[in-house]
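Working notes, beginning with the structure itself.
Throughout, a chain's letter reflects where its sequence line sits, starting with A, and its residues are numbered from 1. Here the structure is a predicted model, which is why all the values come from computation and not from measurement.
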2 protein chains.
Amino acid sequence: MELSPTAYVILGMISREPRSGYEIKSLVDETTRFFWAASYGQIYPELKRLSEAGLVEGVEAPRGDRKRTLHAITAEGERELKDWLRRAPQTFEMREEGLLKLFFSGVLPPKDAAETLGWMHEQRAGTAARLRELEPGASEKRDGGDPFPLMVLQAGIEFNEWFADWCERMEARLRDAAATEGSK
Amino acid sequence: MELSPTAYVILGMISREPRSGYEIKSLVDETTRFFWAASYGQIYPELKRLSEAGLVEGVEAPRGDRKRTLHAITAEGERELKDWLRRAPQTFEMREEGLLKLFFSGVLPPKDAAETLGWMHEQRAGTAARLRELEPGASEKRDGGDPFPLMVLQAGIEFNEWFADWCERMEARLRDAAATEGSK
DNA sequence: ACAGGCATGTAAATAGTTACATGATTCG
DNA sequence: CGAATCATGTAACTATTTACATGCCTGT
């Protein structure tokens, strides 16, 4: 069966323990957000569909008077998840407004391109720093258990550090070019 | 003014010379595709909107009997493009199904995760190779002219090479873990 | 008492892909 | 002559974001 990508995110997130929609959203924001996001507007309707398809089962688990539904994966849901995991990945997309601006920067003075690179650098260095703070938590959980969330987190850190570094190198290149130009 | 992201891709693509919708699409596919894509379903309607807004002007330029409209940027369109270029980039998104699968790979035997990494590696190495083939063309155009398309292409190459390398290192890590496990 | 987090959901808008329809021109 | 490429567009669908509405619970 071919489900929507968000469906698999949900199945994955509840594969170890049942969770509420709210919890799924928080987890996504803490973990897969940087390479696969999901909003409430996707999660709740998708949970309903998965429930109707029998891949997920709702369990009422109120906290006090507040209603709360934990969503558990069914045997069939687990089969779907595993089937998907074993198929080759299809989607590799990136939308990077910074690179797009840089691409067209020839229509402006080089100084403006340098500023774009500065913004990109700041953004990527900041993201890398924030992800690095999550590393100790992910390392703990890994021990004896699942090594993959940590592995993926490290990919995120490395990627953002590589990108920040690339921006710095390109800024330097623009500075050098400007200096050469100036000394002619 | 706040235009759709695709609008800026179009304005950028026609900023140096007028182009047909078909040409814009081909250019996008050859250049910005890996960090900002666009389909006909976006390009033609957007051209109409930009035309109505006075940022783009259509010029009839038939080839033989075949109708053809070249779209030229207007003075106002150029102002919009430059304004946008000078604002800080907002959008940084990635959708990487491979990393998503890897993230959930704890529910399967490690061998399956290694296979996912293998696919990811193949895909990224292939993309890097294809981009590297475009480098000579981009280098030529740069001389005396616009250095930014080449710069961005090199970012694409470096990124895909970094990613391919990361996949290899993680595959090795899984192999080592399996060996340690086996020798206990 | 109030802020912040927990919890569920929907409506509207925007974005984007895919598939289709149509037809001319060019190159081998 | 047939295939590939040039060229324009639309319809239907899928995906996704944003904003809103509602209200309980916990800690200060």
Side-chain angles (χ1 to χ4, degrees), chain A residues 1-10 13-14 18-30 32-52 56 58-71 90-97 100, chain B residues 1-10 13-14 18-30 32-52 56 58-71 90-97 100:
Chain A
M1 211 193 316
E2 195 56 37
L3 303 172
S4 79
T6 307
Y8 295 109
V9 177
I10 292 175
M13 286 297 179
I14 63 172
R19 299 186 193 279
S20 69
Y22 183 85
E23 237 178 320
I24 292 169
K25 164 75 166 135
S26 315
L27 260 180
V28 166
D29 284 347
E30 282 166 24
T32 68
R33 188 180 90 275
F34 92 89
F35 57 89
W36 210 287
S39 60
Y40 288 125
Q42 290 170 273
I43 290 172
Y44 284 107
E46 191 63 52
L47 276 169
K48 197 184 273 180
R49 276 193 293 274
L50 287 171
S51 208
E52 279 158 12
V56 153
V59 182
E60 293 307 314
R63 292 244 233 242
D65 261 2
R66 192 202 312 171
K67 259 195 216 160
R68 181 159 159 269
T69 308
L70 293 183
H71 305 271
Q90 302 293 323
T91 304
F92 330 88
E93 278 165 29
M94 213 179 179
R95 300 188 93 73
E96 242 286 334
E97 206 183 337
L100 189 61
Chain B
M1 210 191 317
E2 195 56 39
L3 302 173
S4 79
T6 307
Y8 294 110
V9 178
I10 293 175
M13 287 299 180
I14 63 172
R19 299 183 191 279
S20 68
Y22 183 85
E23 237 178 319
I24 292 168
K25 163 77 166 134
S26 315
L27 260 181
V28 166
D29 284 347
E30 283 166 23
T32 68
R33 187 180 90 276
F34 93 89
F35 57 89
W36 211 288
S39 60
Y40 287 126
Q42 288 170 274
I43 291 171
Y44 283 107
E46 191 63 51
L47 276 170
K48 198 184 270 179
R49 275 192 292 274
L50 287 171
S51 208
E52 280 158 13
V56 153
V59 182
E60 293 309 313
R63 291 243 233 243
D65 262 2
R66 194 203 307 171
K67 259 195 218 159
R68 183 158 157 270
T69 308
L70 293 184
H71 305 273
Q90 302 292 322
T91 303
F92 331 88
E93 278 165 29
M94 211 181 180
R95 301 188 91 73
E96 240 288 334
E97 205 182 336
L100 189 62

**OP:** Report the distance from atom CD of Glu46(A) to atom P of dT14(D), rounded to the nearest whole Å.
**Re:** 12 Å

Original post:
Just how far, in rounded Å, is C1' of dA7(C) from CD1 of Ile24(A)?
Top reply: 12 Å

Subject >> For Lys25(B), the option from Asp29(B), Leu27(B), Val28(B) that meets side chain to side chain contact (heavy atoms under 4.5 Å, CB included) >> reply: Asp29(B)

Subject >> Nearest listed nucleotide, side chain of Tyr22(A), among dT8(D), dG5(C), dT17(D) >> reply: dG5(C)

Subject >> Atom of Gly58(A), atom of Ser51(A) and distance for their closest heavy-atom approach >> reply: N-OG, 4.4 Å

Subject >> CZ-CD distance between Arg33(B) and Glu93(A), expressed to the nearest 0.5 angstrom >> reply: 11.5 Å

Original post:
Between residues 58-71 of chain B and DNA chain D, which residues have a heavy-atom gap below 4.0 Å?
Top reply: Arg63(B), Arg66(B), Arg68(B), Thr69(B)

Original post:
How far apart are the closest heavy atoms of Tyr8(A) and Leu3(A), and which atoms are they?
Top reply: OH-N, 3.2 Å

**OP:** Figure out the CG/P separation between Leu3(B) and dA15(C), and round it to whole Å.
**Re:** 10 Å

Original post:
Under the side-chain contact (heavy atoms from CB on, under 4.5 Å) test, which residues partner Tyr22(A), sequence neighbours left out?
Top reply: Ser20(A), Ser26(A), Tyr40(A), Tyr44(A)

Original post:
Below 4.0 angstrom from OP1 or OP2 of dC6(D), is there any side-chain N or O of Ser20(B)?
Top reply: no

Subject >> Minimum-distance pair of heavy atoms, taken over all atoms of Glu96(B) and Trp36(A) >> reply: N-CE3, 3.7 Å

**OP:** Specify the separation, in whole Å, of atom OH of Tyr44(A) and atom P of dT17(D).
**Re:** 16 Å

Original post:
Which residues pass the side chain to side chain donor-acceptor pair (under 3.5 Å) test with Arg63(B), sequence neighbours left out?
Top reply: none

Original post:
If you round to the nearest 0.5 Å, how far is CD of Glu60(B) from NZ of Lys67(B)?
Top reply: 7.5 Å

**OP:** List in chain and number order the residues that pass salt bridge (Lys or Arg N to Asp or Glu O under 4.0 Å) with Glu2(B), two or more places apart in sequence or in another chain; answer none if no residue qualifies.
**Re:** Arg87(B)

**OP:** Determine the contact category for Arg95(A): base if any of its heavy atoms lies under 4.0 Å from a base atom, sugar-phosphate if only primed atoms, P, OP1 or OP2 are that close, otherwise nothing.
**Re:** sugar-phosphate

Original post:
In whole Å, what is the span from the CD atom of Glu23(A) to the P atom of dT8(C)?
Top reply: 9 Å

**OP:** Look up atom CD in Glu23(B) and atom CZ in Arg68(B), then write down how far apart they are to the nearest 0.5 Å.
**Re:** 6.0 Å

Original post:
Does OP1 or OP2 of dT8(D) have a side-chain N or O of Lys25(B) closer than 4.0 Å?
Top reply: no

Original post:
In what stems does DNA chain C take part, counting only runs of at least 3 consecutive Watson-Crick or G-U pairs whose two distances fall under 3.5 Å?
Top reply: C:1-28 with D:1-28

Original post:
Whole-Å distance between dT14(C) P and Glu93(B) CD?
Top reply: 17 Å

Original post:
For the atom pair CG (Leu47(B)) and OG1 (Thr69(B)), what is the distance rounded to the nearest 0.5 Å?
Top reply: 9.5 Å

Original post:
Among the nucleotides dA15(C), dT17(C), dT10(D), which one has an atom lying closest to any side-chain atom of Gln42(B)?
Top reply: dT17(C)

Original post:
What parts of residues 32-40 of chain B reach DNA chain D, counting only heavy atoms under 4.0 Å away?
Top reply: Tyr40(B)

Original post:
Quick one: is dG16(C) close enough that its OP1 or OP2 comes under 4.0 Å of any side-chain N or O from Thr6(B)?
Top reply: yes

Subject >> Length of the line joining Asp29(B):CG and dG16(C):C1', which is rounded to integer Å >> reply: 14 Å

Original post:
What nucleotide, of dT16(D), dT5(D), dT8(C), holds the atom closest to the side chain of Pro5(A)?
Top reply: dT16(D)

Subject >> Test item: side-chain donor near acceptor, Thr6(A) and Glu46(A), under 3.5 Å >> reply: no

**OP:** Classify the nucleic acid contact of Ser26(B) as base, sugar-phosphate or nothing, counting any heavy atom under 4.0 Å across all strands shown.
**Re:** nothing

**OP:** Write down the distance between CD1 (Ile10(A)) and P (dA15(D)), rounded to a whole number of angstrom.
**Re:** 12 Å

